[in-house]
Amino acid sequence: MYRMRTIVLLCSLIAASWAAAMPQPSGSAGAYAYPTPPSFGKCVASYTDGSFFVAGSVGGCGGTDFFVQRHDVPLTQTRWSNVYDATCMDNVPRGAATFGDIAYVAGGVTGGQYLARIGADGSRVWTVVPNMTYVCDVAVASDDGSIWVVGYDSGPPMSAVVIQYRDNGSGVTQLGRNAYRFQDSYDTQAFAVAVAADAAYIGGAVLAASIPSPWVMAVNRTGGVVRFSQRTTDTVSRSWIARLVAGQGRVFGLHLRDNGSGLPLSGRVAAIDTSNGTYSESADVFNGMGMTTFSDFPCGIAMHPTLPILITGGVGTIRVHNFGLEGLWSVGDVSAGGTGPVVGGVAISNRLDYTVAVAYTTGFAATEIAHLDGYAFTQDLTQVAGTSNLVAAPNLMDLAEAGSFIRFIVKPLKATKETKIEVFDRAGNLFWSKVVALEGAGNTEYVWDGFSVAKRRIGPGGYVAILTGSGSNSSDRAPFVVTGKSK
């Protein structure tokens with residue numbers, strides 16, 4: 001009994017630290033620097049096992065290759081690293097995505113554009129040339145593995161291009177190619193793509209008199225029929241949607257803005273309405289970056305696969321937001337004093353340790369070095385300022401103790417048939433769910449014995465319970481710990 005009290009007290013202290021207003025990283029998740037300059041950190045994506053894929057370019061213009069790597073945590077552990085041929089560093093690569101153990105990288109070179117499949121061992125299995133003037137991004141549908149590549153044709157007038165592929169293992173089949181313009185006479189460029197359950201979302205710019213303004217479009221995954229095509233005016237002279245991310249029924253973008261001279265360039269997070277393409281947005285999340293072309297913007301946005309957490313990166317700044325666009329944590333200089341830096345991409349692992357990876361570049365004039373740095377958290381980033389409608393008390397289940405349980409306390413809320421408590425493991429897998437059926441002035445309590453609906457007992461590890469659906473908000477989650485072995 002003494003041991004049990006000690007463990008419960010320890011977990012109570014841990015829960016108190018998770019509720020801190022501005023959690024800080026608990027430590028480094030490792031750092032890697034490419035050994036040979038010049039090299040440029042361009043893209044990073046997470047695999048389902050918590051490792052990371054990174055892509056960048058090496059060499060000078062006219063003789064550039066692109067590198068691909070897979071890193072385990074800590075990120076000093078390189079599982080494999082390969083270099084493949086390309087030509088001009090300024091445009092290699094522009095987008096990366098993963099599906100299972102497979103990675104895809106897309107970009108443009110002086111002699112043409114490309115989409116490449118990188119196998120589980122790091123080999124380049126195939127490369128295709130998408131039929132468009134400029135390739136800008138790639139995304140993969142999580143349900144069927146279909147590949148979506150976007151960019152634009154040079155025109156005139158310019159047209160946003162969306163191509164859908166199916167990976168056949170040794171090659172690809174093109175399932176469709178569609179070109180779009182906001183209006184017939186307007187140049188339209190696609191810079192970003194994200195794929196949701198039944199739609200693909202495309203972000204970019206509509207140009208009037210060569211001045212870009214932000215544009216978002218949604219198309220049906222089958223047939224490419226346009227659901228909406230929304231152009232938004234801005235108070236600055238030039239702005240556009242540079243990156244998109246979709247999941248959990250939500251779509252967010254990275255909105256880049258400048259004053260017409262290219263400096264300073266700022267970035268904002270946009271919460272996009274999936275019914276019409278309008279958006280609300282945060283204040284500036286980074287500021288000070290310049291660029292030579294709209295299609296080569298070093299910045300990134302990523303979403304945790306099951307939790308309402310967003311990561312953004314630009315210039316040397318990394319920020320963490322919730323879905324309400326509230327800032328939870330930031331790093332103002334990822335380079336720790338190095339020259340630069342310029343963030344090329346960000347990713348977050350699908351595990352509840354919230355490992356964040358950032359690809360960036362430091363240095364100038366043939367001394368550039370690509371980096372991959374990681375940040376680790378022990379705090380639950382969603383337990384920030386504000387009151388959660390869901391509490392786990394006790395927040396520890398000891399499988400060695402007969403009758404051990406977790407009590408979920410749901411504070412008063414307007415529950416509907418869609419409001420649920422859902423329990424996820426560290427890998428983001430759903431283990432158990434319970435419909436919140438009652439509504440009243442007081443708290444509602446549910447005692448859970450750790451068994452799934454299929455009567456499978458929960459195992460040791462860290463878990464999080466999430467309140468979802470009507471009446472809940474983005475902070476309604478409760479972490480808990482399971483220890484011991486079942487008797």
Side-chain angles (χ1 to χ4, degrees), residues 43-49 51-53 55 66 68 70 82 84 86 92-109 112-153 159-180 190-204 217-227 243-249 251 274 302-303 305 345 347 350:
C43 309
V44 62
S46 58
Y47 288 98
T48 54
D49 68 352
S51 60
F52 292 93
F53 172 79
F66 71 90
V68 291
R70 184 168 183 173
N82 289 309
Y84 298 108
V92 182
R94 290 176 179 155
T98 60
F99 184 74
D101 273 334
I102 305 303
Y104 301 94
V105 58
V109 297
Q113 311 300 296
Y114 67 89
L115 167 70
R117 167 180 164 155
I118 308 300
D121 61 353
S123 61
R124 183 168 59 175
V125 180
W126 49 252
T127 302
V128 296
V129 179
N131 181 18
M132 62 184 76
T133 308
Y134 298 100
V135 167
C136 294
D137 199 14
V138 60
V140 179
S142 60
D143 51 2
D144 64 3
S146 58
I147 308 163
W148 296 73
V149 177
V150 300
Y152 58 96
D153 283 337
S159 298
V161 178
V162 181
I163 301 180
Q164 184 183 4
Y165 296 99
R166 181 177 63 241
D167 188 345
N168 299 322
S170 59
V172 292
T173 299
Q174 181 174 305
L175 302 179
R177 180 189 186 277
N178 292 287
Y180 304 91
F191 299 147
V193 60
V195 184
D198 57 353
Y201 295 86
I202 293 88
M217 179 178 68
V219 299
N220 290 339
R221 284 177 54 176
T222 301
V225 176
V226 176
R227 295 187 174 188
R243 294 285 184 262
L244 288 174
V245 63
Q248 305 179 58
V251 178
T274 57
M303 178 191 293
N350 63 340

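Because the structure is predicted, anything quoted here is derived from the model rather than measured.
Going from atom OG of Ser51 over to atom CG of Asp101 covers 7.5 Å, rounded to the nearest 0.5 Å.
Note on residues 125-135: no pairs pass salt bridge (Lys or Arg N to Asp or Glu O under 4.0 Å), not counting sequence neighbours. Listed by first then second residue, pairs satisfying salt bridge (Lys or Arg N to Asp or Glu O under 4.0 Å) with a partner in residues 122-135 read Asp85-Arg124, not counting sequence neighbours.
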Give the intermediate values and the outcome of side chain to side chain contact (heavy atoms under 4.5 Å, CB included) for residues Val149 and Met132.
-> CA-CA 10 Å; Val149 177; Met132 62 184 76; 4.1 Å; yes
Evaluate side chain to side chain contact (heavy atoms under 4.5 Å, CB included) for Arg221 paired with Asp144, printing each intermediate quantity in order.
-> CA-CA 11 Å; Arg221 284 177 54 176; Asp144 64 3; 3.1 Å; yes
Apply side chain to side chain contact (heavy atoms under 4.5 Å, CB included) to Thr127 and Tyr84, showing your working.
-> CA-CA 11 Å; Thr127 302; Tyr84 298 108; over 6 Å; no
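Val150 and Ala190 get closest at one heavy-atom pair: CB-CB, 4.1 Å. Across every non-hydrogen atom of Tyr165 and Gln174, the tightest pair is CD2-CA, 3.8 Å. Summarising the geometry of Val105 relative to Ala55, their closest heavy-atom pair is CG2-CB, 4.0 Å, with the distance given to 0.1 Å. Scanning all heavy atoms of the two residues, the minimum distance from Tyr47 to Ala103 falls at OH-CB, 3.6 Å. Across all their heavy atoms, Val125 and Ser170 have their closest contact at CG1-CA, 4.5 Å. Considering every non-hydrogen atom in both Ala120 and Ile102, the closest pair reads N-CD1, 4.1 Å.
Ring pair Phe66/Tyr114: centre-to-centre distance below 6.0 Å.
Under the rule for a side chain to side chain contact (heavy atoms under 4.5 Å, CB included), the partners of Ala246 that lie at least two apart in sequence or sit in another chain are Ala194, Ala196, Val251. Residues satisfying the side chain to side chain donor-acceptor pair (under 3.5 Å) criterion with Ser46, sequence neighbours excluded, are absent altogether. Applying the side chain to side chain contact (heavy atoms under 4.5 Å, CB included) criterion to Thr173, with sequence neighbours excluded, gives Arg166, Asn168, Leu175. Qualifying side chain to side chain contact (heavy atoms under 4.5 Å, CB included) partners for Thr133, counting only residues two or more places apart in sequence or in other chains: Asp153, Ser154. Partners of Asn131 under the side chain to side chain donor-acceptor pair (under 3.5 Å) rule, at least two apart in sequence or in another chain, do not exist in this structure. A search for side chain to side chain donor-acceptor pair (under 3.5 Å) contacts involving Asn82 returns nothing, not counting sequence neighbours. Under the rule for a salt bridge (charged side-chain N to carboxylate O under 4.0 Å, His left out), Asp121 has no partner lying at least two apart in sequence or in another chain. Checked against side chain to side chain contact (heavy atoms under 4.5 Å, CB included), Arg227 has the following partners two or more places apart in sequence or in another chain: Asp198, Ala199, Ala218, Asn220. Every salt bridge (charged side-chain N to carboxylate O under 4.0 Å, His left out) that Arg117 has, sequence neighbours left out, goes to Asp167.
Residues Val219 and Tyr180 meet the side-chain proximity criterion, which asks for heavy atoms closer than 4.5 Å. Counting heavy atoms from C-beta on, the side chains of Trp148 and Val162 come closer than 4.5 Å. Inter-residue side-chain proximity for Phe53 and Arg70 is flagged as unmet; no heavy-atom pair is nearer than 4.5 Å. The closest side-chain heavy-atom distance from Ile147 to Phe99 is not below 4.5 Å. Considering only heavy atoms from C-beta on, Val135 stays 4.5 Å or farther from Leu115 through its side chain.
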